Amino acid sequence: MITTRFAPSPTGYLHIGGLRTALFSWLWARKNSGKFLLRIEDTDLSRNSDEALEAILKAFDWVGMSYDGDAIYQSKRFDIYAKYIDQLLEEGKAYKCYMTKDELTALREEQMAQGERTRYDGRYRDFTGTPPEGVEPVIRIKAPLDGNIIFDDGIKGEICISASEVDDFVIARAGGVPTYNFVVAIDDALMGLTDVIRGDDHLYNTPKQIVVYEALGFDMPKFYHVAMINNEQGKKLSKRDGATDVMEYKTLGYLPEALLNFLVRLGWSHGDQEIFSVEEMIELFDPKDINKSSSNYNLDKLLWLNAHYIKNSSNNKLAQMLKDFGVDIENHDKLELLLDATKERGKTLVELANQINLILNAPAEYNPKASKKAFKGTAREYLEEFANMLKNWDSTLHTPPEYHAVIDKFVADKEIGFGKIGQPLRVSLLGAMTGSGLDEIMAILGVDETINRIQKAIEFIDNRD
RNA sequence: GACCCUUUCAUCUAGUGGCCAAGGAUAUUGCGUUUUCAUCGCAAAAGCAAAGGUUCAAAUCCUUUAGGGGUCGCCA
């Protein structure tokens with residue numbers, strides 16, 4: 001039985017990097033028919049907000065990741081932590097430290113000046129005298145004094161950190177509120193976690209948590225430290241590098257399956273495979289295939305994946321999603337045609353919405369370059385004649401091939417090239433030289449609207465000349 | 001500064017001593033398909049951070065150097 005978790009602190013939105021580690025944890029649990037738990041790390045009451053928590057849950061919901069059971073809130077478990085603190089104190093595995101913050105600062109400055117890694121010097125570890133007046137003590141845990149703290153990381157292999165690098169860290173603040181590394185270890189153990197997958201910014205927390213595991217006699221989970229995601233220049237990812245909030249990707253018109261596919265391939269691979277449905281991810285994911293090194297965030301591939309998933313989405317699903325982008329075509333009688341004609345031309349839902357609007361709305365203006373090129377010479381004459389032809393054929397025209405037949409006939413009758421009518425027609429209908437196929441556009445618009453737009457173009461030509 | 005992690009095309013990656021004069025994908029460029037654009041197909045260009053070792057043989061093992069990241073809280 002595999003049990004994993006995601007443990008965000010509700011201080012902001014869900015970060016793209018956080019989603020990736022959550023995804024890895026979720027996949028690993030699902031693959032093994034295990035449990036994926038959610039724990040809210042809200043021990044710092046001043047920094048938490050309900051909105052932040054809601055935002056995180058919303059992001060989970062959007063990408064379709066679900067956790068098992070109820071979310072666990074650390075803020076509701078202070079009595080549990082207090083019990084373990086008492087236990088450690090009684091067993092002599094933890095002690096009260098009366099060092100003031102000023103003293104600590106002085107110590108750190110001195111160590112820094114010596115070129116050492118700053119750490120508590122253990123001065124109250126074996127203190128038996130009379131405590132100084134007016135200092136509310138913190139509780140520190142006794143870390144090993146010598147040797148190494150070694151663990152086998154599921155991604156990076158054996159990690160060995162000298163005990164001299166791990167100090168007697170604080171497990172309860174003055175006032176009794178427990179600290180992060182202490183409660184994490186307790187909760188991970190109590191929640192029955194077998195595999196802890198997290199960012200490698202936690203690598204140095206692991207030896208501290210191991211100290212807690214050993215002091216309390218808990219079984220240790222397997223740790224996996226996933227390297228960070230950096231920006232394209234290899235620097236720390238910041239808001240300037242694009243969207244870091246998961247929900248921003250929804251706004252930008254990305255499909256959740258594209259985002260997940262993108263993220264799963266950032267640091268993880270399965271041979272040469274690039275496209276993974278969620279089902280395939282679950283089937284194939286294994287943390288042993290996660291890369292050791294950090295990866296750089298690059299939008300190109302996400303865009304490509306998004307285009308892929310748009311192309312392969314059903315038209316009904318696309319129509320449903322497009323409502324968030326100001327395009328309501330769910331009841332449009334030409335829905336299928338409309339999306340078939342546009343879905344290969346939009347890399348995001350935003351672009352797709354634009355493509356659809358381009359067809360649905362008569363051109364407000366004609367692209368100057370396009371109209372100059374297309375509306376010249378015989379264009380006006382052909383447009384008028386073509387409109388007449390449409391009028392005559394009206395009752396027989398429904399599908400794209402039927403419209404295509406009209407053009408074919410027209411071109412044959414006139415003994416002209418396709419471009420002679422194609423280009424003027426395209427600019428008349430869309431206002432630009434590029435876009436969906438003419439047959440599809442006319443089939444969507446119908447004869448009346450097509451003629452309408454041709455008339456408008458003719459008026460434009462007349463007024464211009 | 002100290003400690004830890006890391007380093008294959010611009011980017012994501014395959015690769016665990018011989019199948020590698022390094023494979024795939026994106027992006028780029030060219031060609032083809034298409035009335036246009038897009039899609040799609042084909043092709044090109046592009047990399048083992050550097051230097052030393054070990055070995056018959058090294059992208060793969062070792063050492064050093066350089067680059068990048070992380071951590072050094074009574075934050076999480």
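These figures come from a predicted structure and were not determined experimentally. The basis for the numbers below is simple: all heavy atoms, side chains too, and nothing from hydrogens, waters or symmetry mates.
- Under the Watson-Crick or G-U wobble criterion, with both distances below 3.5 Å, C72(B) is paired with G1(B).
- Tyr95(A) places a side-chain heavy atom less than 4.5 Å from the side chain of Arg140(A).
- A distance of about 15 Å separates the C1' atoms of C9(B) and U29(B), rounded to the whole Å.
- If you check every strand for non-hydrogen atoms under 4.0 Å, Ala227(A) touches nothing.
- OP1 or OP2 of A76(B) lies within a sub-4.0 Å distance of a side-chain N or O belonging to Thr43(A).
- Look at the C1' atom in both G17(B) and C72(B): the space between them is 39 Å, to the nearest Å.
- We find that NZ of Lys301(A) is positioned 9 Å from P of C12(B), with the value rounded to whole Å.
- U26(B) atom C1' lies 9 Å from atom CG of Leu305(A), rounded to whole Å.
- For the pair Arg108(A) and C74(B), the criterion of a side-chain N or O lying under 4.0 Å from OP1 or OP2 is met.
- Counting non-hydrogen atoms under 4.0 angstrom, Val138(A) reaches a base of the nucleic acid.
- Using Watson-Crick or G-U wobble geometry with both donor-acceptor distances under 3.5 Å, A66(B) finds its partner in U7(B).
- Going from atom CD of Gln423(A) over to atom P of U35(B) covers 13 Å, rounded to whole Å.
- Within the structure, a side-chain polar atom (N or O) of Lys235(A) is placed less than 4.0 Å from OP1 or OP2 of G69(B).
- Nucleotides G69(B) and G53(B) have their C1' atoms positioned 28 Å apart, rounded to a whole Å.
- In this structure, Lys420(A) reaches neither bases nor backbone, as no heavy-atom distance under 4.0 Å exists between it and the strands shown.
- In this structure, CD1 in Ile444(A) is found 7.0 Å from OG1 in Thr342(A), a value given to the nearest 0.5 Å.
- Summary of the strand contacts: Glu232(A) and Ile161(A) both lie near RNA chain B, and taking for each the nucleotide with the nearest heavy atom, the more 5' one is attributed to Ile161(A).
- Between Phe262(A) and Tyr254(A), the distance from one ring center to the other does not fall under 6.0 angstrom.
- Computed from coordinates, the Asp168(A) CG to C74(B) P distance equals 12 Å when rounded to whole Å.
- Residue contacts for Lys288(A): at a heavy-atom cut-off of 4.0 Å it reaches no nucleic acid atom on any strand shown.
- C40(B) is paired with G32(B) under the Watson-Crick or G-U wobble criterion, all donor-acceptor distances under 3.5 Å.
- Going from atom CG of Leu430(A) over to atom P of C37(B) covers 14 Å, rounded to whole Å.
- Here the C1' atom of nucleotide A25(B) and the CG atom of Leu302(A) are 14 Å apart, to the nearest Å.
- In this structure, the CG atom of Asn231(A) is 9 Å from the P atom of G69(B), given to the nearest Å.
- Contact between the side-chain N/O atoms of Ser294(A) and the OP1/OP2 oxygens of C5(B) is not found at any separation under 4.0 Å.
- The phosphate of U13(B) (OP1 or OP2) has a side-chain N or O of Ser295(A) nearer than 4.0 angstrom.
- Proximity of Lys373(A) to the phosphate of U36(B): no side-chain N or O atom is located under 4.0 Å from OP1 or OP2.
- Using a 4.0 Å cut-off between charged side-chain N and carboxylate O, Glu440(A) and Arg345(A) make no salt bridge.
- Nucleic acid contact for Glu274(A): base, since at least one base atom lies under 4.0 Å from a heavy atom of the residue.
- For the C1' atoms, the distance linking G47(B) with U28(B) amounts to 16 Å, nearest Å.
- For Glu103(A) and Thr100(A), the side-chain atoms include at least one donor-acceptor pair closer than 3.5 Å.
- For the OP1/OP2 pair of C12(B) and a distance below 4.0 Å, the side-chain nitrogens and oxygens of Asn296(A) include at least one atom meeting the criterion.
- Comparing the P positions of C74(B) and C12(B) gives an interatomic distance of 36 Å, to the nearest angstrom.
- The main-chain N or O of Thr118(A) is never found under 3.5 Å from a side-chain atom of Glu116(A) such that the two would form a donor-acceptor pair.
- Pair assignment for C20(B): none, as no Watson-Crick or G-U wobble contacts are both less than 3.5 Å.
- Contact check, Lys347(A) against U39(B): a side-chain N or O comes under 4.0 Å of OP1 or OP2.
- Atom CD in Glu116(A) sits roughly 21 Å away from atom P in U71(B) (whole-Å rounding).
- Using a 4.0 Å heavy-atom distance criterion, Asp272(A) is classed as a base contact.
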